[in-house]
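Every chain is numbered from 1, with letters handed out A, B, ... down the list of sequences. Computed from heavy atoms alone, side chains included, the values below leave out hydrogens, waters and symmetry copies.
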Protein chains: 2
Amino acid sequence: MVLMPDLSASPRPVVTRKDVARLAGVSTAVVSYVVNGGPKNVSPATEEKVRQAIAALGYRPNIAARALKVGSSQILGMVVPKISSPFFAGLAKAVEQAAEERGFAMLLGDSRDSLAVESRHLRNFVDRQVDGVFLCSVVNHRPDVSELDGRGIKTVLLNFSEYPLPFDAIGPEFVGSSRQAVEHLAGHGHRDIALVQGLVTGNTLDGREQGWRDALEGLGLPEGRVIRCPFDRAGGYEAGRRFLALPQRPTAVFITSDEQAVGFLRAMHEAGVRVPEDVAVFSFDGSEEAEFTWPPLSTVRQPVQEMAEAAVRAIIGSGRDDPARIQVFPCELVLRRSCGCGTTHSG
Amino acid sequence: MVLMPDLSASPRPVVTRKDVARLAGVSTAVVSYVVNGGPKNVSPATEEKVRQAIAALGYRPNIAARALKVGSSQILGMVVPKISSPFFAGLAKAVEQAAEERGFAMLLGDSRDSLAVESRHLRNFVDRQVDGVFLCSVVNHRPDVSELDGRGIKTVLLNFSEYPLPFDAIGPEFVGSSRQAVEHLAGHGHRDIALVQGLVTGNTLDGREQGWRDALEGLGLPEGRVIRCPFDRAGGYEAGRRFLALPQRPTAVFITSDEQAVGFLRAMHEAGVRVPEDVAVFSFDGSEEAEFTWPPLSTVRQPVQEMAEAAVRAIIGSGRDDPARIQVFPCELVLRRSCGCGTTHSG
DNA sequence: ACCGTCGATCTACTCGAGTCAATAGATCAA
DNA sequence: TTGATCTATTGACTCGAGTAGATCGACGGT
């Protein structure tokens with residue numbers, strides 16, 4: 001008979017509440033009271049003894065046991081369509097940091113733009129008793145939140161949905177800031193401003209497209225052309241190729257994400273079309289990546305830190321029955337070379 | 001008296017093992033046996049009844065309870081220095097996917113290049129009973145694994161450390177593939193090839209630097225110049241500026257990451273120095289980003305998928321006492337424009 | 001001295017699932 | 001028919017922590 005490796009030696013907390021209680025000469029209940037600051041009082045003297053015992057033994061409460069009893073795992077879950085997108089990476093980083101500061105850990109699920117994978121992640125999160133979920137759903141699809149609502153799990157949507165959902169929603173002010181970006185392009189003298197729009201399902205207009213239309217209309221400019229493509233670099237590249245083939249090529253573009261803009265820029269370089277001299281570009285997101293392209297991208301910066309903070313607060317610092325709120329965050333125009341700013345001499 | 005929102009209604013599994021047992025007319029033990037396929041047999045007839053009850057009620061085991069009893073939470077933890085780096089984002093994505101396919105969820109911790117934050121994450125992971133940890137430590141520092149080893153938590157290092165640690169290590173073949181990249185540059189006729197090297201603490205040479213040296217020496221080329229800078233875009237940009245100021249500027253550079261190369265490229269554009277005509281560039285990582293720069297980056301592609309698969313296998317499919325192994329993965333040269341390949345006509 | 005009050009502390013039950021020891025039935029040999 | 005053997009099933013205990021309800025003492029008022 002072959003000896004198998006001993007898998008049964010499961011890793012368990014070396015020291016439990018009981019050990020602390022024994023060392024401090026108190027019952028296990030007081031240890032709990034001290035650790036949680038309640039629900040009953042403990043005399044200062046006893047508290048001190050317990051704290052010393054905790055320190056001496058290096059006791060740390062078993063969160064799984066706590067999760068079993070009270071249903072709180074001190075874990076939050078986040079689902080993003082694609083973590084390798086610079087925008088979502090930045091957002092995930094900010095959310096993780098805000099959560100960590102409050103003692104929460106974060107489960108990350110990459111849904112790869114698939115509703116099915118997204119649902120699987122949500123299911124897994126629920127099974128693990130997460131205390132809350134940040135959901136960047138596949139844009140404007142109706143997320144499968146059946147797992148969430150029944151369980152009363154606090155959820156924050158990090159993109160707006162056209163569907164009414166019983167959750168908080170947090171996002172940038174798409175319409176107004178896109179409008180400003182387009183108006184800025186017009187300020188450089190452009191009258192034919194195209195839109196490279198990421199693919200969005202659903203019936204309502206994407207806020208960025210809305211803002212672009214509003215700007216053109218408000219300025220009395222002729223209707224602009226729209227190129228639709230996926231929300232990634234390859235999509236932006238394709239859009240760039242199609243842009244180049246346009247009759248009477250527009251002199252400026254507003255692009256719905258930095259990632260797409262990177263692909264678009266590559267298409268311009270490849271064709272020897274100069275940015276911003278031949279085509280001015282303004283994009284959306286304000287990710288790190290936009291600062292180091294050539295030329296550097298003028299972009300609408302989403303206040304990622306602030307949004308992440310608000311998202312975590314919405315989950316942690318609120319009662320279960322607070323009404324769902326929508327929080328819209330103003331964005332900032334970051335002006336760099338690609339829109340035509342600061343172009344006294346070009347490389 | 002004001003009515004407070006009912007916070008006590010903690011989210012609990014709607015349906016437990018007991019409900020299933022009752023509906024199927026069996027004891028709770030058999031339900032466990034069916035769900036886990038053991039440790040005792042169940043007659044086919046009973047098994048069928050139980051399965052039907054499970055399906056009818058939509059029962060899903062409470063993982064927190066399972067974690068309490070057997071110490072397995074079906075959760076893995078991953079720590080990266082910076083999730084917004086395209087390389088780590090890609091790696092995290094691949095690991096997450098491999099884990100998800102096996103029913104595991106992944107906690108993500110961003111250590112922001114800080115050993116202290118890294119330790120905090122590890123602590124949090126241990127507290128949550130993770131089944132394993134993927135650690136991309138702050139390069140070559142001695143990670144604080146005191147939390148891990150005592151607990152017997154399976155760990156995989158996703159960068160090599162010069163310190164002997166009792167864990168599996170997985171990484172790319174730095175030395176050999178870097179050497180190939182530099183040899184490729186030499187193949188384009190370059191004799192003065194510089195190195196832009198990310199900052200690394202510790203006493204041993206980074207594998208990429210080693211490979212660069214080996215190549216120069218092997219080819220009988222004169223000693224090359226080294227520019228050291230942080231592992232990010234801004235670092236690469238700074239390195240580029242310093243590179244431009246070099247007397248008798250080298251005609252080629254090997255750069256230790258795509259991210260740095262992006263910054264380096266920006267510095268070249270800004271100064272009107274053409275790549276690859278004036279300076280040829282080869283970088284390391286093979287992240288998505290490298291494909292859409294201008295010019296597109298020739299880079300050493302790390303087999304991220306394969307490494308992620310191996311990492312997950314190393315944790316899940318192995319006994320606790322398997323000896324620590326080191327797995328080195330061969331890389332592939334991705335030839336694009338920046339090194340001088342395919343330059344018949346330039347933009 | 002006696003009773004009531006109040007704060008501190010302890011005992012004991014609970015959460016949901018894993019699993020061992022005991023038990024109930026079925027099968028077979030003598 | 002009796003016992004031995006084996007399999008399917010069950011009851012009961014366990015993991016670690018939260019907390020209600022019981023208990024204990026000290027103190028104050030009479």
Side-chain angles (χ1 to χ4, degrees), chain A residues 7-50 53-54 57-74 126-129 131 151, chain B residues 7-50 53-54 57-74 126-129 131 151:
Chain A
L7 292 173
S8 64
S10 41
R12 335 213 93 279
V14 185
V15 32
T16 74
R17 191 177 58 164
K18 209 145 102 184
D19 303 310
V20 175
R22 183 161 32 233
L23 179 60
V26 298
S27 75
T28 58
V30 277
V31 179
S32 267
Y33 299 151
V34 169
V35 169
N36 305 325
K40 302 211 178 160
N41 290 335
V42 174
S43 73
T46 322
E47 168 155 359
E48 185 50 28
K49 275 192 303 183
V50 173
I54 288 177
L57 296 173
Y59 165 74
R60 293 213 308 276
N62 181 326
I63 297 190
R66 161 171 240 280
L68 173 58
K69 190 68 175 93
V70 300
S72 161
S73 57
Q74 306 275 84
V126 171
D127 285 352
R128 286 167 183 76
Q129 314 254 102
D131 294 339
R151 296 294 206 290
Chain B
L7 292 173
S8 64
S10 42
R12 335 210 93 280
V14 185
V15 32
T16 74
R17 190 177 61 164
K18 209 145 100 182
D19 303 312
V20 176
R22 183 162 34 231
L23 178 60
V26 298
S27 75
T28 59
V30 277
V31 178
S32 266
Y33 297 152
V34 170
V35 169
N36 305 326
K40 304 220 174 151
N41 290 337
V42 174
S43 72
T46 321
E47 168 156 357
E48 185 50 28
K49 274 193 302 181
V50 172
I54 287 177
L57 297 173
Y59 165 74
R60 293 213 306 275
N62 180 326
I63 298 189
R66 161 171 239 279
L68 173 59
K69 191 69 176 89
V70 300
S72 160
S73 56
Q74 307 274 86
V126 171
D127 286 352
R128 285 168 182 76
Q129 313 255 101
D131 294 339
R151 296 294 207 290

Less than 3.5 Å apart, which donor and acceptor atoms pair up between the side chains of residues 38-49 of chain B and the rest of the protein, not counting sequence neighbours?
{"unit_1": "B/S43", "atom_1": "OG", "unit_2": "B/T46", "atom_2": "N", "d": "3.4"}
{"unit_1": "B/S43", "atom_1": "OG", "unit_2": "B/T46", "atom_2": "OG1", "d": "2.5"}
{"unit_1": "B/E47", "atom_1": "OE2", "unit_2": "B/R51", "atom_2": "NE", "d": "3.2"}
{"unit_1": "B/E47", "atom_1": "OE2", "unit_2": "B/R51", "atom_2": "NH2", "d": "3.0"}
{"unit_1": "B/E48", "atom_1": "OE2", "unit_2": "B/Q52", "atom_2": "NE2", "d": "3.0"}

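Closest approach of B/V31 to B/V50, counting heavy atoms only: CA-CG1, 4.2 Å. In this structure, A/V15 and A/V20 approach most closely via the heavy-atom pair CG2-CG2, 4.4 Å.
Distance check: B/N62 CG to B/T16 OG1 gives 9.5 Å after rounding to the nearest 0.5 Å. Taking OG1 of B/T28 as the start and NZ of B/K18 as the end, the distance is 8.5 Å to the nearest 0.5 Å.
Taking 4.0 angstrom as the limit, A/R66 places none of its side-chain polar atoms (N or O) nearer than this to OP1 or OP2 of D/dG16. Residue A/N36 places at least one side-chain N or O closer than 4.0 Å to OP1 or OP2 of D/dG18.
Within the structure, the salt bridge (charged side-chain N to carboxylate O under 4.0 Å, His left out) test picks out the following pairs touching residues 21-37 of chain B (sequence neighbours left out): B/D19-B/R22.
Rounding to whole angstrom units, CZ of residue B/R22 and P of C/dA17 are separated by 13 Å. Note: NZ (B/K18) to P (D/dT10) measures 15 Å, nearest angstrom. We find that CG of B/D19 is positioned 11 Å from P of C/dC15, with the value rounded to whole Å. What separates CD of A/Q129 from P of C/dA17 is a distance of 9 Å, to the nearest Å. In this structure, the NZ atom of A/K69 is 5 Å from the C1' atom of D/dG18, given to the nearest Å. For the pair B/L68 CG and C/dG18 P, the interatomic distance rounds to 11 Å; values are reported in whole Å. Atom NZ in B/K49 sits about 10 Å away from atom C1' in D/dT9, given to the nearest Å.
For B/R17 against C/dG18, a side-chain N or O and a base N or O form a donor-acceptor pair under 3.5 Å.
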Could you list, one pair per line, each protein nitrogen or oxygen that sits under 3.5 Å from a nitrogen or oxygen of nucleotides 26-28 of chain D, together with the distance?
none

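In this structure B/S72 satisfies the side-chain contact (heavy atoms from CB on, under 4.5 Å) test together with B/R66, B/V70, B/Q74, B/D131, sequence neighbours excluded. Under the side-chain hydrogen bond (donor to acceptor under 3.5 Å, both in side chains) criterion, B/S32 pairs with B/R17, not counting sequence neighbours. In this structure A/L23 satisfies the side-chain contact (heavy atoms from CB on, under 4.5 Å) test together with A/A53, A/A56, A/L57, sequence neighbours excluded.
Comparing the helix axis at one end of the helix from C/dA1-D/dT30 to C/dA30-D/dT1 with that at the other, each defined from 5 consecutive pairs, gives an inter-axis angle of 60° (nearest 10°).
Between the side chain of B/Q129 and the main chain of A/A64, no donor-acceptor pair closer than 3.5 Å is present.
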Problem set entry | Per-nucleotide protein contact string for nucleotides 6-11 of chain C, where B marks a base within reach and S marks sugar-phosphate only (heavy atoms under 4.0 Å, - for neither) | --SBBB

